[in-house]
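Values below: every heavy atom of this structure, side chains too, minus hydrogens, waters and symmetry copies. Note that ligands are numbered from 1 as they come in the structure, with each ligand's atoms numbered from 1 the same way.
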Amino acid sequence: MKNIYDLSIDELGEYLISIGEPKFRSGQVFSLLHKGYIVADMPNIPKSLREKLKEDFYCELPTIVTQQISKDGTQKFLLQLHDDAHVECVLMTQEYGKTICISSQVGCKMGCAFCASGRDGFVRDLSAGEILSQVLLHAKEGISNIVLMGSGEPLDNFENVKKFLELVIHKDGINIGSRHISLSTVGLPKKIREFADMGTGVNLCISIHASNDEIRSAIMPMAKRYTIAEIMDASRYYFNKTGRRVIFEYSLIDGVNCDVSHAKELAKLMTGFPNHVNLIKLNDTGAGFRAPSHDIAMKFMDTLIKSGVSCTMRKSKGDDIDGACGQLRLKKGKSL
Ligand code: SAH
């Protein structure tokens, strides 16, 4: 059965016309769904139509299985989908509003050594509506930013992610500006170019995590397929097409990628186009990697700054509630 949240406004319109409803209903139903109303509770929609929608579509939002609240206010949700697959999303409150971090796949194929998301392998892609549903669970709280940084590789589920972006940006839906959306990728050059060609202006974040291919290959299997040079070329392309600076994520891993020499090497990569480096100290997921000391992390950042790189050290939010990707789902899996 098709998920109602997968439908674009036009698809919803075609369906409504096919069952003899007036066309204006499409905007009304689309808008209510995207404001977070579930079908059964939609105001101003005749009961008969609500019943018909429930007959013809899967209309449920994911079930919240667990909710954890961190000391810093970050909330992490483990969600159950229609087929018992589980995904996580994280809600963070900042001075400027609420940011939701959502998943694009159940599990992940990328196999990064330090990441919990793919440790038990890949299960399935999320549909556009399932990606959207994670936002809709919190739509009534007012979401100002969306980050596709939960489990999964968004560019490995590109068709559904594209449709999700169209849905979430739609003026009759959540109507969030593309500049308030960030997509994080392991770095798939061909897909980055395709994404650039879409011209959405969504913020592109690339998980670089190493300053050379040798180190990157040791922690990220995809580095054996695509070199840093290819990723940097695609990043420049993204900037040239969209005018958006590219953000590089760099998780500091003790004894692996945080020597001063690595910072200097990274700085060389960051030349020639507008970009920003987001440093984060590794979240320990029990994979045998540790975060470096505060001193090592600060020295790494200082070296980047002195080399002219725009960078910040991201505060790890929610680390007391297994904030690192995939950790909650993994724990759930172990307890099943
Ligand atoms: N597949 C996407 C989204 C992954 S999650 C990607 O690779 O970008 C978002 C970010 O968290 C990525 O940069 C990822 O490498 C990073 N990450 C995963 N596990 C981590 C950990 N244990 N500590 C710090 N960062 C981690």
Side-chain angles (χ1 to χ4, degrees), residues 74 76 87-90 92 99-122 125-126 131 134 146-158 160-161 164 181-189 191-192 195 202-210 215-216 218-223 225-226 228 231 234-235 238 246-254 256-258 266 276-292 297 300 311-331:
T74 301
K76 178 144 184 164
V87 288
E88 308 167 13
C89 69
V90 178
M92 294 159 280
T99 298
I100 188 155
C101 173
I102 56 176
S103 297
S104 55
Q105 294 176 322
V106 185
C108 185
K109 296 178 206 159
M110 302 300 121
C112 302
F114 47 84
C115 179
S117 296
R119 202 168 298 157
D120 285 350
F122 173 75
D125 283 332
L126 295 185
I131 303 173
Q134 300 166 62
I146 297 176
V147 297
L148 275 155
M149 286 193 189
S151 62
E153 167 50 46
L155 296 187
D156 182 45
N157 182 18
F158 199 28
N160 293 344
V161 165
F164 158 74
I181 305 175
S182 302
L183 179 150
S184 177
T185 174
V186 74
L188 308 176
K191 293 282 166 54
I192 291 174
F195 190 37
V202 162
N203 300 302
L204 177 69
C205 308
I206 298 182
S207 299
I208 197 83
H209 301 324
I215 299 176
R216 203 165 187 264
I219 51 175
M220 301 173 77
M222 286 314 277
R225 192 154 337 150
Y226 303 110
I228 291 179
I231 294 174
S235 305
Y238 194 84
V246 178
I247 294 160
F248 291 88
E249 290 157 280
Y250 198 103
S251 299
L252 296 163
I253 312 175
D254 196 35
V256 174
N257 65 359
C258 35
L266 181 63
H276 182 82
V277 174
N278 250 334
L279 297 170
I280 184 160
K281 283 199 241 165
L282 185 87
N283 243 310
D284 190 351
T285 57
F289 296 102
R290 282 183 301 136
F300 191 92
C311 75
T312 39
M313 181 82 68
R314 207 167 68 192
K315 226 177 138 269
S316 177
K317 282 194 154 262
D319 48 4
D320 55 330
I321 54 162
D322 301 326
C325 315
Q327 276 180 282
L328 203 59
R329 180 178 154 265
L330 212 58
K331 279 199 175 165

Checklist entry - Has the side chain of E88 got a donor or acceptor atom that lies under 3.5 Å from a matching backbone atom of S151? => result no
Item to check | Under-4.0 Å heavy-atom contact with ligand 1, by part of T185 that carries it | outcome: backbone
Checklist entry - Heavy atom under 4.0 Å from ligand 1: found in E153's side chain, backbone, both, or neither? => result both
Checklist entry - For H209, is the nearest heavy atom under 4.0 Å from an atom of ligand 1? => result yes
Checklist entry - Does ligand 1 have any atom that is closer than 4.0 Å to a heavy atom of G152? => result yes
Examine [X] against ligand 1 and note whether any of their N/O atoms are separated by less than 3.5 Å.
X	value
G150	no
T285	no
K281	no
F114	yes

Checklist entry - Which ligand 1 atoms, with their elements, are less than 4.0 angstrom from a heavy-atom of M149? => result 5 (S), 9 (C)
Item to check | Sub-4.0 Å atoms of ligand 1 with respect to non-hydrogen atoms of V186 | outcome: 6 (C), 7 (O), 8 (O)
Checklist entry - Can you name the side-chain contact (heavy atoms from CB on, under 4.5 Å) partners of T99, sequence neighbours left out? => result M92, Q94, Y96, N145, V147
Next on the checklist: Could you work out, with side-chain contact (heavy atoms from CB on, under 4.5 Å) as the rule, every residue matching N203, not counting sequence neighbours?
Outcome noted: S182, R244
Checklist entry - If you round to the nearest 0.5 Å, how far is CD1 of I231 from CZ of F248? => result 8.5 Å
Item to check | Pair E153 + K109, salt bridge at N-O below 4.0 Å | outcome: no
Checklist entry - Quick one: does S235's side chain get under 4.5 Å of I206's, heavy atoms only? => result yes
Next on the checklist: Contact between V256 and F114 at the side-chain level, heavy atoms closer than 4.5 Å - yes or no?
Outcome noted: no
Checklist entry - Considering only heavy atoms, which of S251, C115, S104, C205 lies nearest to atom 26 (C) of ligand 1? => result S251
Item to check | Nearest heavy-atom neighbours spanning L183 and V161 | outcome: CD1-CG1, 3.8 Å
